[in-house]
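Notes follow once the structure below has been shown.
Keep in mind the model is a prediction, meaning the values are calculated, not measured. Just so it is clear: chains get the letters A, B, ... in the order the sequence lines come, proteins before strands, and each one is counted from 1.
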Protein chains: 2
Amino acid sequence: MTLAQPEARPYHHGDLSRALVEAARRILETDGPAALSLRAVAREAGVSPAAPYHHFKDKGQLLDAVAHEGWVALDAALMKARQDSDDDRRRMTSLGVAYVTFARDNPALYRVMYDCSRDKDALPDQMKEEGAYCQVRNTIAHAAGDGVSEIDLELATIAAWCAGHGLAEMSGFKQFESLKALLGGEEAFLKAVFDHLGMFAKFDRG
Amino acid sequence: MTLAQPEARPYHHGDLSRALVEAARRILETDGPAALSLRAVAREAGVSPAAPYHHFKDKGQLLDAVAHEGWVALDAALMKARQDSDDDRRRMTSLGVAYVTFARDNPALYRVMYDCSRDKDALPDQMKEEGAYCQVRNTIAHAAGDGVSEIDLELATIAAWCAGHGLAEMSGFKQFESLKALLGGEEAFLKAVFDHLGMFAKFDRG
DNA sequence: CGATCCATCTGAACAACGCTTAGATAACAT
DNA sequence: ATGTTATCTAAGCGTTGTTCAGATGGATCG
């Protein structure tokens, strides 16, 4: 894997599409979503403004690639959170906390992920197959046991996902800062809200 | 394209700031958020591209004004929903449905409302005083009775708001269309998800 | 009534943007 | 070696947000 070496770049870059996505993520982290222009990405990657068009149809398609990396990273974060807990309910909560934490740690990336989804009126397909959504679904299924219908399972997953996404976008507002401080930090706040959502009310009869 | 009134406008418009906000909302509804440029708004209002700068510091401030109108409209929608129900729990659900319905009926406006909030890392102040947030809070307070702490009340309101916002943004994705059809339409879907969120689990001991 | 002030609006300009086109360059295949 | 194809550059188009000097006209005060 040829890493981006400072070695004077040849006329043909070698792996420009990869370099462009990385440049985009770098810009996102440092300068925010507003600074993410195609020209800035090209500049950061050290190529002409027209070069990206040989690898991506337009700006949207580059953002799609960035978003895809985001979803993969989110999958990994959720997977890790799922393995760190043993109790069913605790596992569900830590899944939610991990989700929101990811969104709060990568706000620009998270925004790109959902903006891309919104433009296509659909979440990425990969999610339904083996991605983050499926992880939540499986966790709920395991917690709920056998007696739960397919529809209820789907609804519970959607409910949990909506709660996570909503909290991910809302928890950054400074109106909630005093409450966060009162509860002892961000994570305690997240747990408290998740607790009030009572996402397990439907299945929790133990 | 949509021409302004042929009535020869005087050099001084009279109430341009108002006209600009209305023009912006018109563009939002018909052509979507991507078409909402300051120049397009000026064009729609029949005025030069520089004219808006005598009424708004920059594009963001015009969007703020548009967003403000959106919050006022949302307040009204929630108020109406709150009055249409008598039972506490039913009132809460219909509040949630009204919220999501507003977002789904005015997607571009709703997006502007939250984009503006995100840029300022804060929801509009008016919300805390007498706006939509307060309505949700009061509804929950009434449903929960007297024995509920201030913190729990705040947490429950945040939880409900997060759920509403999350569902508002997620319910448009086409992955959920088959489930919506299965449940008998959008509203049934919303109610089912809210039911699974069990936002009342904490207070509903009756 | 007339002169003046000042908010308002225009026209022209700037830099930056997304994107296209024509042409240069390098890798690869035959 | 030759031709083909993928990749990149340079230049340019139309658009955007924003600024600025100057035109306009309603309001205020003599």
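Every residue two or more places apart in sequence or in another chain was checked for a salt bridge (Lys or Arg N to Asp or Glu O under 4.0 Å) with Asp31(A), and none qualifies. For the salt bridge (Lys or Arg N to Asp or Glu O under 4.0 Å) test, no residue two or more places apart in sequence or in another chain qualifies with Glu29(B). For the salt bridge (Lys or Arg N to Asp or Glu O under 4.0 Å) test, no residue two or more places apart in sequence or in another chain qualifies with Arg90(B). Ala181(B) pairs by the side-chain contact (heavy atoms from CB on, under 4.5 Å) definition with nothing, not counting sequence neighbours. Under the side-chain contact (heavy atoms from CB on, under 4.5 Å) criterion, Lys80(A) pairs with Asp84(A), sequence neighbours left out.
A heavy atom closer than 4.0 Å to some atom of DNA chain D occurs in Asp58(B), Lys59(B), these being the qualifying members of residues 54-65 of chain B. Contacts between residues 32-40 of chain A and DNA chain C, defined by a heavy-atom separation under 4.0 Å, are made by Ser37(A), Leu38(A), Arg39(A).
Counting only residues at least two apart or on different chains, the salt bridge (charged side-chain N to carboxylate O under 4.0 Å, His left out) pairs with a member in residues 54-71 of chain B are Arg18(B)-Glu69(B), Arg25(B)-Glu69(B), Asp64(B)-Lys120(B). Within the structure, side chain to side chain donor-acceptor pair (under 3.5 Å) contacts touching residues 172-184 of chain B (residues at least two apart or in different chains) are Lys180(B)-Glu186(B). Contacts classified as salt bridge (charged side-chain N to carboxylate O under 4.0 Å, His left out) and involving residues 154-168 of chain B (residues at least two apart or in different chains) are given here: Lys128(B)-Glu154(B), Arg137(B)-Glu154(B). Listed by first and then second residue, the ring pair (Phe, Tyr, Trp, His ring centres under 6.0 Å) pairs that reach into residues 64-88 of chain B are Trp71(B)-Tyr114(B), sequence neighbours excluded.
When the C1' atoms of four end pairs are superposed on the next four at each end of the helix from dC1(C)-dG30(D) to dT30(C)-dA1(D), using five pairs per end, the two resulting axes differ in direction by 0°, to 10°.
The CZ-P distance, from Arg43(A) to dG18(C), rounds to 9 Å in whole Å. Going from atom CG of Leu20(B) over to atom C1' of dT8(C) covers 12 Å, rounded to whole Å. Atoms OH (Tyr53(A)) and P (dA22(C)) sit 17 Å apart, rounded to a whole Å.
The side chain of Ala50(B) has dC20(D) as its nearest neighbour among dC20(D), dC9(C), dT20(C).
Ring pair Tyr99(B)/Tyr110(B) is perpendicular by interplanar angle, where above 60° counts as perpendicular and below 30° as parallel.
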